[in-house]
Amino acid sequence: MTSTPFSTLRDLLRYAVTRFNGAGLAFGHGSANAFDEAAYLVLHTLGLPLDKLDPFLDARLLPDEIEKVMQVIERRARDREPAAYITNEAWLGNYRFYVDSRAIVPRSFLAELIPEYFSPWIMDPDGVERVLDLCTGSGCLPIMLADVFPNARIDAVDISPDALEVARRNVADYGLQDRIRLIESDLYANLPQDGPYDLIVSNPPYVNSASMERLPQEYRHEPRIALAGGDDGMDLVRRIVAGAGERLTGNGLLVVEVGHERGHAEAAFPERELTWLSTSAGDDMVFLLTAEQLRA
């Protein structure tokens, strides 16, 4: 066991922040800066509550605990692996999800809109009976959707069998196997023909090719298929929009996340009046189209 000059959690936290900043790490998989990421990794590794840092700051740690934390700090700094892949967990709001490198790390502005029922667009949550999530990845969004739409049955689609294995674990963890159906499909290709959907949501690959080339190393640990959206980022978005109208009920809604690609989205659909929903990052991340608009 390697000897270190550290004895407390405070020591390790200070060292981790310095190490992460010195390594020039990129953040965006759950933490926004080196301090938050360091606190999360140290607390998680020690099995301590993630929301209670202060009471433990000056606790003296055992040598094997220090060694364990140091290994995690070094792995994050050296390999530039997302913290979520190191801990095998990610959080969206109050929801915890299992994750590994078979699926993109859960993060979505849709997670802010779901608890509000996409207000004011859905006035009767109990009346939502069928939902489709395209490009489901780890299955995080269907789980949240099942929570807020108690009468809904949800089809969760992904082209990646590996991602669906991660989703299957999360669906089972939340006991939602009877309400969430996981389907391996290239978007709509393998959907069962059992009626239209009240709501279609998607957080698809939308990173344009120029931005893909500039992604920090952390993002290169994620499946490329879950990020790359073609030259303008809209390859899958075009197909999602094109096929949504015929699969929605008369009052149905399509909600799609496109991140920082609003300009490309509006250029891709010049004939459609996209409604942009407000999120913590502004009004540029998520658009909505009604069934009526899609069929016009």
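Atom set for the values below is all heavy atoms of this structure, side chains included, hydrogens, waters and symmetry mates excluded.
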A.B. asks: Considering residues at least two apart in sequence or located in another chain, which fulfil the salt bridge (Lys or Arg N to Asp or Glu O under 4.0 Å) criterion with Glu129?
C.D. replies: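 Glu129: no salt bridge (Lys or Arg N to Asp or Glu O under 4.0 Å) contacts found.
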
A.B. asks: Would you kindly say whether Asn170 and Ser138 are connected by a side-chain donor-acceptor distance under 3.5 Å?
C.D. replies: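 No, Ser138 and Asn170 have no side-chain donor paired with an acceptor closer than 3.5 Å.
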
A.B. asks: So, Glu261 and Asn208: side-chain donor and acceptor under 3.5 Å apart, yes or no?
C.D. replies: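 The criterion, which ignores hydrogens and geometry beyond distance, is satisfied for Asn208 and Glu261.
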
A.B. asks: Please lay out, stage by stage, how Tyr40 and Thr87 fare under the test side-chain contact (heavy atoms from CB on, under 4.5 Å).
C.D. replies: CA-CA 10 Å; Tyr40 166 68; Thr87 62; 2.7 Å; yes

A.B. asks: I want to check something: taking the side chain as every heavy atom from C-beta on, are Phe6 and Leu61 in contact at a cut-off of under 4.5 Å?
C.D. replies: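 No, side chains not in contact.
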
A.B. asks: Quick one about Ser108 and Glu257 (side-chain donor to acceptor, distance below 3.5 Å, no hydrogens or angles considered), yes or no?
C.D. replies: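 Result is yes, a qualifying pair exists.
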
A.B. asks: Distance-only, no hydrogens or angles: does the Ser185 side chain make a donor-acceptor pair with backbone N or O of Asn190 under 3.5 Å?
C.D. replies: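 Yes; at least one donor-acceptor contact below 3.5 Å.
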
A.B. asks: Is there a donor in the side chain of Tyr197 and an acceptor in the side chain of Asp155, or the other way round, less than 3.5 Å apart?
C.D. replies: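 A pair is found: one side chain offers a donor N or O, the other an acceptor, under 3.5 Å apart.
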
A.B. asks: Could you tell me if Asp235 and Tyr206 have a donor-acceptor pair between their side chains, going purely by distance under 3.5 Å?
C.D. replies: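 There is no such pair (donor and acceptor under 3.5 Å, judged by atom type) between the side chains of Tyr206 and Asp235.
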
A.B. asks: Can you confirm whether more than 12 heavy atoms, excluding those of His260, are under 6.0 Å from its NE2 atom?
C.D. replies: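 Counting neighbours around NE2 of His260, 12 or fewer heavy atoms of other residues, nucleotides or ligands fall under 6.0 Å, so no.
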
A.B. asks: Side chains of Glu222 and His29: do they bring a donor and an acceptor to under 3.5 Å?
C.D. replies: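 Per modelled atom types, Glu222 and His29 side chains form a pair under 3.5 Å.
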
A.B. asks: Give a yes or no on whether a salt bridge exists between Arg168 and Glu165, defined as a side-chain N under 4.0 angstrom from a carboxylate O.
C.D. replies: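 Answer for the salt bridge query: yes.
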
A.B. asks: Test question: given the 4.5 Å side-chain rule for I, L, V, M, F, W and Y, name all other residues clustered with Leu62, or answer none.
C.D. replies: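 Besides Leu62, the cluster holds no residue at all.
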
A.B. asks: Between Glu266 and Arg262, does at least one N-O distance fall below 4.0 Å, as a salt bridge requires?
C.D. replies: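 Result for this pair is yes, salt bridge flagged.
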
